Asker: 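Shown below is the structure under consideration.
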Amino acid sequence: MDLVPAERQQEIVRRAAIERIVKVKSLAERLGVHEMTIRRDLDALVEEGVLERVHGGARLKNQAGMESSHHIRASSNVPEKELIAEVAVTLIGEGDTVAFDASTSALAVIRRLRQRALNGIVVSLDAANAMASADIPFILIGGSFHAPARSFVGPQVSKQLERLHPDKVFFSAKGLSRRAGFTDAYLDEVETKERLVASAGLVIALLDHTKFGKAALGTIARPDEVDVLITDREPPQEYRELLEAAGAKVVVAESD
């Protein structure tokens, strides 16, 4: 294989997901590069938090290939999510059609919408319930039920989303890294988020400060596919520069 470093590292992560542990010697032979090159690739992936080193190779870190339960995510960083949501609702105008992913960050935004003149598109049970409670008309995209996120995923969801074109989409991710962009752990969920991002006129990412510099298994979007990123603290300078160079506006929600 004649791969550039980013492609080679993506292949290493893919093999780690399948084989659990990948060895330096085996990777060098398969990818047709020197073992020292593989070691540098592994070091880069370890630094980004995707892999952890083991004797003679590496394996996926738990957070890269495993998805947190809905309960854990719902109880994590709640003040930060509320702060982000307070800013996010100001980007929603009367008459907008707005799509939301199944993240608890997006759910915090929905819960701040009450009897607004807009239309919603949602892919999770909790988001549908929140829309109904807010008395907002919405479309629930159905498919295979994914219990950890209480969401719907799969080809039926992707097919429906291809036909819809909301004005705005709000999504979150497990991390944002320089190499992999916005990422998440469960690949079917990644595909749903990817379709949402591709469908919208304006793409808004909701990311609290703990997500910068982290990477999970699958890429949802690159920085140049996102129009606005809302976070709760000033991001590391390298990430502000990365996003702004890609044309994304960085908005830092400030507490009173």
Side-chain angles (χ1 to χ4, degrees), residues 6-7 9-22 41-42 44-54 58-78 80-81 84 100-108 122-127 141 143-155 157-158 161 169-198 203 205-223 225-226 229 231 239:
E7 293 172 331
Q9 290 168 17
Q10 187 171 4
E11 177 64 13
I12 289 170
V13 173
R14 188 185 73 83
R15 290 184 181 277
I18 296 170
E19 300 170 9
R20 197 172 69 85
I21 293 177
V22 288
D41 287 334
L42 295 182
L45 292 167
V46 167
E47 186 176 347
E48 288 192 15
V50 179
L51 301 181
E52 59 185 6
R53 293 302 293 264
V54 299
R59 65 185 175 193
L60 282 178
K61 250 189 166 181
N62 284 343
Q63 65 263 34
M66 295 179 64
E67 182 179 23
S68 302
S69 71
H70 177 79
H71 175 73
I72 292 172
R73 290 187 294 112
S75 59
S76 299
N77 300 325
V78 173
E80 290 85 351
K81 291 173 185 175
I84 290 168
F100 299 89
D101 73 353
S103 66
T104 53
S105 295
L107 185 60
V122 297
V123 292
S124 78
L125 288 180
D126 292 328
I141 305 297
S144 300
F145 183 62
H146 178 54
R150 295 173 57 79
S151 63
F152 296 99
V153 297
V157 173
S158 296
L161 290 175
V169 65
F170 291 85
F171 82 98
S172 189
K174 196 164 187 180
L176 169 61
S177 76
R178 295 182 64 84
R179 182 185 64 85
F182 295 88
T183 59
D184 222 313
Y186 183 62
L187 293 183
D188 282 353
E189 199 77 52
V190 168
E191 183 178 2
T192 298
K193 292 172 185 273
E194 186 179 18
R195 294 290 186 186
L196 281 168
V197 167
V203 178
L206 312 171
L207 224 63
D208 70 63
H209 69 277
T210 66
K211 308 292 185 64
F212 291 96
K214 293 185 178 178
L217 187 58
T219 296
I220 299 164
R222 300 291 178 183
E225 296 175 287
V226 171
L229 181 140
T231 187
Y239 283 96

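Note that the coordinates shown come from a computational prediction; the quantities given were computed from them, not determined experimentally.
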Asker: What I want to check is whether the side chains of Ser103 and Asp101 have a donor and an acceptor closer together than 3.5 Å.
Answerer: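 Asp101 and Ser103 do have a side-chain donor-acceptor pair below 3.5 Å.
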
Asker: Working to the nearest 0.5 angstrom, can you tell me the gap between Ser151 OG and His146 NE2?
Answerer: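 Spacing of OG (Ser151) from NE2 (His146) equals 5.5 Å.
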
Asker: Side chains of Leu229 and Tyr239: does their closest heavy-atom pair fall under 4.5 Å?
Answerer: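 Contact flag for Leu229/Tyr239 side chains = no.
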
Asker: Which is it for Asp208 and Thr210 under the side chain to side chain donor-acceptor pair (under 3.5 Å) test, yes or no, and what are the steps along the way?
Answerer: CA-CA 6 Å; Asp208 70 63; Thr210 66; 2.4 Å; yes

Asker: After noting the C-alpha distance and the side-chain angles of Lys174 and Lys211, does the key distance pass the side-chain contact (heavy atoms from CB on, under 4.5 Å) rule?
Answerer: CA-CA 6 Å; Lys174 196 164 187 180; Lys211 308 292 185 64; 5.6 Å; no

Asker: Out of curiosity, Ile84 CD1 to Leu207 CG, how far, rounded to the nearest 0.5 Å?
Answerer: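 Taking CD1 in Ile84 and CG in Leu207, the distance rounds to 7.0 Å.
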
Asker: Looking only at heavy atoms, what is the nearest atom pair of Glu194 and Ile220, with distance?
Answerer: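 The answer is CG-O, 3.7 Å.
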
Asker: Taking Ser172's backbone N and O only, do any of them form a donor-acceptor pair with Lys193's side chain (distance below 3.5 Å, no angle check)?
Answerer: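 A pair under 3.5 Å: yes.
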
Asker: Do you know which two heavy atoms are closest between Val197 and Val203, and how far apart they sit?
Answerer: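 Scanning both residues completely, I find the closest heavy atoms to be O-CG2, 3.5 Å.
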
Asker: Mind listing the closest non-hydrogen atom pair of Val22 and Arg15 along with its distance?
Answerer: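 Scanning both residues completely, I find the closest heavy atoms to be CG1-C, 3.8 Å.
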
Asker: Do you know which two heavy atoms are closest between Ser124 and Ala102, and how far apart they sit?
Answerer: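 Closest pair (atom of Ser124, atom of Ala102, distance): CB-CB, 3.7 Å.
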
Asker: What are the two closest non-hydrogen atoms of Ala16 and Leu51, and how far apart are they?
Answerer: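 The pair with the smallest heavy-atom distance is CB-CD2, 4.2 Å.
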
Asker: Can you list the steps and then say if Leu161 with Leu196 is a side-chain contact (heavy atoms from CB on, under 4.5 Å)?
Answerer: CA-CA 7 Å; Leu161 290 175; Leu196 281 168; 3.9 Å; yes

Asker: Would Phe100 and Leu107 count as a side-chain contact (heavy atoms from CB on, under 4.5 Å) if you check the C-alpha gap in whole Å, the side-chain angles of each, and the deciding distance to 0.1 Å?
Answerer: CA-CA 8 Å; Phe100 299 89; Leu107 185 60; over 6 Å; no

Asker: Could you grab the distance from atom CD of Gln9 to atom CD1 of Ile12, nearest 0.5 Å is fine?
Answerer: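 The CD atom of Gln9 sits 6.5 Å away from the CD1 atom of Ile12.
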
Asker: My understanding is that only residues two or more places apart in sequence, or in another chain, count here; which of them pass salt bridge (Lys or Arg N to Asp or Glu O under 4.0 Å) with Arg222?
Answerer: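 Salt bridge (Lys or Arg N to Asp or Glu O under 4.0 Å) check on Arg222 returns nothing, list empty.
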
Asker: Nearest heavy-atom pair of Val226 and Ala205: which atoms, and what distance?
Answerer: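 So the minimum-distance heavy-atom pair works out to CG1-CB, 4.0 Å.
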
Asker: Is a side-chain donor or acceptor of Thr183 paired with a backbone partner of Gly218 at a separation under 3.5 angstrom?
Answerer: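 Not at all, since once roles are kept as given, no pair shorter than 3.5 Å links the two residues.
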
Asker: Let me confirm one number: the CD1-CZ distance from Ile141 to Arg195, rounded to the nearest 0.5 Å.
Answerer: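 The CZ atom of Arg195 is 13.0 Å from CD1 of Ile141, to the nearest 0.5 Å.
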
Asker: Is there a side-chain contact between Leu42 and Arg53 (heavy atoms, below 4.5 Å)?
Answerer: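 Touching, per the 4.5 Å side-chain cut-off.
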
Asker: So, Ser177 versus Lys214: side-chain donor-acceptor pair below 3.5 Å or not?
Answerer: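 No pair is found: no donor N or O on one side chain lies under 3.5 Å from an acceptor on the other.
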
Asker: Using the side chain to side chain donor-acceptor pair (under 3.5 Å) criterion, which residues pair with Arg178? Sequence neighbours excluded.
Answerer: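 Once residues adjacent in sequence are excluded, Arg178 has no partner under the side chain to side chain donor-acceptor pair (under 3.5 Å) criterion.
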
Asker: Under 6.0 Å between ring centres: does that hold for Phe182 and Phe171?
Answerer: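 Centroid separation for Phe182 and Phe171: below 6.0 Å.
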
Asker: Side chains of Glu191 and Val153: does their closest heavy-atom pair fall under 4.5 Å?
Answerer: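 Side-chain contact under 4.5 Å: no.
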
Asker: If we ignore hydrogens and angles and just use 3.5 Å, is the side chain of Asp184 paired with the main-chain N or O of Tyr186 as donor and acceptor?
Answerer: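 A pair under 3.5 Å: no.
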
Asker: Measuring from atom CG of Asp41 to atom CZ of Arg179, what distance do you get when rounded to the nearest 0.5 angstrom?
Answerer: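 Reported to 0.5 Å precision, the distance equals 9.0 Å.
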
